[in-house]
Novice: 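My questions all concern the structure below.
Side-chain atoms are counted along with the backbone in the values below, which use heavy atoms only and exclude waters and symmetry mates.
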Amino acid sequence: MSFASLGLCAPLMTAVAEQGYDTPSPIQARAIPAVLEGRDVMAAAQTGTGKTAGFTLPLLERLKSGERARPRQVRALVLTPTRELAAQVGESVATYGKHLPLSSAVIFGGVKANPQIDALRRGVDVLIATPGRLLDLFGQKAVSFDQLEVLILDEADRMLDMGFIHDIRKILKVLPAKRQTLMFSATFSNEIRQLAKGLVNDPVEISVTPRNAAATTVTQWVCPVDKQRKPALLSHLIQQREWHQVLVFTRTKHGANKLTRYLEGAGIEAAAIHGNKSQNARTKALSGFKSGEIRVLVATDIAARGLDIDQLPQVVNFELPNVAEDYVHRIGRTGRAGASGQAVSLVSSDESKELAGIERLIKQSLTRTPIAGFEPGQPGSAAEEPAADERPRQPRNDNARRGTRKPAGQPPRNSDKPAGERRRRRGGRGRGRSANQGE
């Protein structure tokens, strides 16, 4: 099958050819005709198989004829869980729609809203948005949905994981009931199917790969190592194997920052990307990584779905994810569009439970390959001297500076209270939406 057989117009075919494509991927071959027929669609395929073009191309085909968007109106809405994914979809819409008289805009948090409001004021044919910023602008009456024709939920399962379900329900309440609805995702869990009830009407269900399957183009292996030696092993692998573009995943934002400092101290260009970084910092880090100025990008799972990097050769799980499904999404950043890739997981003894869960999920046993000099349990390995920025700080003792000493055994004030309570007593902020959820 070729793209020419799918019934796309000449401007779209020209844009596809300019990207070097002539044969649709399996998800595209099945989804594009269904969307063009006006059917609601629930499509599941592993990451890197072309889902974005699978809904972008038929969406543009359907919108090319018809009334242009009126001021503050939107004809098609694409909801995504992260800023990076919103930007990626926006690039896809702009790329494939470059020869069509359609307008598009991308809105997300972390940047000034005024330029986004200006774009909405003129009317937008295709709006790509994260839920939080969209609700903010809707509350300001900057956007309305009376003209909406199509709703697309991209990576719907990830939106649920990140706690956007309440925002999504608020958005659904203000959308026209008569519309075409498309749900594209890597997986369709029971929770997703529950969300789909009342959202899609007699949908075409498409699944081109087994649920939670890892891409066959990715070579996966495990490197056993003591937890304390992971930073040194990662530095060793990068330098000895001459890895020039490596995406590294950590569990926490603090861990990402800490590892980045370690790598920089070892002379390796590195940058961190996570929810606490400003949007400008995230954009700069990703741009530098794509251009080759940054050798290692250290990310939390916020980046597991939103990064689209051509020919990314190497993904490293510095720490295994707590949720086994996230492993599939992480390694799906490499081996995309038929290219080969490599995914290595640095696994310490305390992660045996997580590793077993991953192997059950993907239904295969991962090869263990110890690295000479970094085998677990080597004498002295656990006591390795940490890098300068990782050494624990000595406790500050103001009494000692003043020549007085605190009575022996007296605990610090409020030490028996939880950290959150101490913050509240100091007037700190209470719990709110996490940084990763504040997209």
Novice: Test your reading of the model: is there a side-chain donor-acceptor pair from Gln147 to the backbone of Arg68, 3.5 Å cut-off?
Specialist: yes

Novice: Is the backbone N or O of Leu320 less than 3.5 Å from a side-chain atom of Glu354, with the two atoms forming a donor-acceptor pair by type?
Specialist: no

Novice: Side chains of Arg39 and Asp202: closer than 4.5 Å at any heavy-atom pair?
Specialist: yes

Novice: Can you list the steps and then say if Lys98 with Glu18 is a side chain to side chain contact (heavy atoms under 4.5 Å, CB included)?
Specialist: CA-CA 11 Å; Lys98 62 189 296 185; Glu18 289 173 350; 3.5 Å; yes

Novice: Would you be so kind as to tabulate the donor-acceptor pairs closer than 3.5 Å made by side chains of residues 108-121, with sequence neighbours excluded?
Specialist:
| unit_1 | atom_1 | unit_2 | atom_2 | d |
| --- | --- | --- | --- | --- |
| Gln116 | OE1 | Arg133 | NH1 | 2.9 |
| Gln116 | NE2 | Phe108 | O | 3.2 |
| Asp118 | OD1 | Arg121 | NH1 | 2.7 |

Novice: Take Thr250 and Thr300 through the test side chain to side chain contact (heavy atoms under 4.5 Å, CB included) and record every step on the way to the result.
Specialist: CA-CA 5 Å; Thr250 63; Thr300 55; 4.1 Å; yes

Novice: Using a 4.5 Å cut-off on heavy atoms from C-beta on, say whether the side chain of Leu297 contacts that of Leu286.
Specialist: yes

Novice: Could you pull out all residues at least two apart from His236 that satisfy ring pair (Phe, Tyr, Trp, His ring centres under 6.0 Å)?
Specialist: Phe374

Novice: Show the numbers, then the answer: is there a side chain to side chain contact (heavy atoms under 4.5 Å, CB included) between Arg295 and Gln245?
Specialist: CA-CA 5 Å; Arg295 192 173 180 180; Gln245 193 178 39; over 6 Å; no

Novice: To the closest 0.5 Å, what do you measure between NZ (Lys51) and OG (Ser92)?
Specialist: 12.0 Å

Novice: Please name the pair of heavy atoms, one in Arg330 and one in Pro321, separated by the smallest distance, quoted to 0.1 Å.
Specialist: NH1-CD, 3.4 Å

Novice: So with a 6.0 Å cut-off around CD of Glu67, is the heavy-atom count from everything else above 12?
Specialist: yes

Novice: Can you list everything that forms a side chain to side chain contact (heavy atoms under 4.5 Å, CB included) with Ala4? Sequence neighbours excluded, please.
Specialist: Ser2, Met13

Novice: If I compare all heavy atoms of Gly50 with all of Ser25, which pair ends up nearest, and what's the gap?
Specialist: CA-OG, 4.4 Å

Novice: Which pair of heavy atoms, one from Val41 and one from Ala34, lies closest together, and at what distance?
Specialist: CG2-CB, 3.9 Å

Novice: Atom CG in Leu134, atom CD1 in Ile128: separation rounded to 0.5 Å?
Specialist: 11.5 Å

Novice: Partners of Arg62 by side-chain hydrogen bond (donor to acceptor under 3.5 Å, both in side chains), sequence neighbours excluded?
Specialist: Gln180

Novice: Any heavy-atom pair between the side chains of Leu59 and Leu182 that's under 4.5 Å?
Specialist: no

Novice: May I ask you to test the Leu355-Glu359 pair for a side-chain heavy-atom distance under 4.5 Å?
Specialist: yes

Novice: How would you list, by chain and number, every residue that makes a side chain to side chain contact (heavy atoms under 4.5 Å, CB included) with Arg179, sequence neighbours excluded?
Specialist: Leu148, Leu151, Leu172, Leu175, Thr181, Leu199

Novice: Could you tell me whether the side chain of Phe55 reaches within less than 4.5 Å of the side chain of Val89, counting heavy atoms only?
Specialist: yes

Novice: Step by step, work out the side chain to side chain contact (heavy atoms under 4.5 Å, CB included) result for Leu366 and Tyr327.
Specialist: CA-CA 13 Å; Leu366 299 177; Tyr327 171 84; 3.6 Å; yes

Novice: Evaluate the side-chain proximity of Asn317 to Leu346: yes if any heavy-atom separation is below 4.5 Å, no if none is.
Specialist: no

Novice: Please list, chain by chain and in numerical order, all residues satisfying side-chain hydrogen bond (donor to acceptor under 3.5 Å, both in side chains) with Arg122, sequence neighbours excluded.
Specialist: none

Novice: Residues two or more places apart in sequence or in another chain: which of them pass side chain to side chain contact (heavy atoms under 4.5 Å, CB included) with Glu149?
Specialist: Leu63, Arg75

Novice: Any chance you could lay out the side chain to side chain donor-acceptor pair (under 3.5 Å) test for Gln28 and Tyr21, step after step, and finish with the verdict?
Specialist: CA-CA 12 Å; Gln28 293 164 358; Tyr21 302 129; over 6 Å; no

Novice: With respect to Val298, which candidate in Thr260, Leu247, Val246 satisfies the side-chain contact (heavy atoms from CB on, under 4.5 Å) definition?
Specialist: Thr260

Novice: Any side-chain to backbone donor/acceptor pair from Asp40 onto Asn201? Under 3.5 Å, distance only.
Specialist: yes

Novice: Taking side-chain hydrogen bond (donor to acceptor under 3.5 Å, both in side chains) as the test, write out the residues that go with Thr283, two or more places apart.
Specialist: Gln279

Novice: Quick one: are Leu100 and Cys9 in side-chain contact, heavy atoms under 4.5 Å?
Specialist: yes

Novice: Would you call Lys290 and Glu84 a salt bridge, taking side-chain N to carboxylate O under 4.0 Å as the test?
Specialist: no

Novice: My understanding is that only residues two or more places apart in sequence, or in another chain, count here; which of them pass side chain to side chain contact (heavy atoms under 4.5 Å, CB included) with Glu205?
Specialist: Met42, Arg193

Novice: Examine distances only and state if a side-chain atom of Gln73 and a backbone atom of Asp146 form a donor-acceptor pair shorter than 3.5 Å.
Specialist: yes

Novice: Using ring pair (Phe, Tyr, Trp, His ring centres under 6.0 Å) as the criterion, list what pairs up with Phe289, not counting sequence neighbours.
Specialist: none

Novice: Does any pair with a residue in residues 135-159 pass ring-ring contact (aromatic ring centres under 6.0 Å, His included), and if so which ones, sequence neighbours excluded?
Specialist: Phe138-Phe145

Novice: Output the distance between atom CG (Asp154) and atom CE (Met183), rounded to the nearest 0.5 Å.
Specialist: 11.0 Å

Novice: Can any side-chain N or O of Glu91 pair as donor or acceptor with the backbone N or O of Gln88 at less than 3.5 Å?
Specialist: no

Novice: Quick check: closest heavy atoms across Ile268 and Ser235, and the distance to 0.1 Å?
Specialist: CD1-OG, 3.7 Å

Novice: Hey, could you give me the CD1/CD distance between Ile358 and Gln364, rounded to the nearest 0.5 Å?
Specialist: 11.0 Å

Novice: Sequence neighbours left out, what passes side-chain hydrogen bond (donor to acceptor under 3.5 Å, both in side chains) with Ser103? Give chain and number order.
Specialist: Asp125

Novice: Check Gly288 against Ser291 and note the closest heavy-atom contact, atom names and distance.
Specialist: O-OG, 3.1 Å

Novice: Let me confirm one number: the OG-CZ distance from Ser348 to Arg229, rounded to the nearest 0.5 Å.
Specialist: 13.5 Å

Novice: Indicate the atoms forming the closest heavy-atom contact of Ala129 with Leu77, along with that distance.
Specialist: CB-CD1, 4.4 Å

Novice: Is any side-chain heavy atom of His274 closer than 4.5 Å to one of Lys277?
Specialist: yes

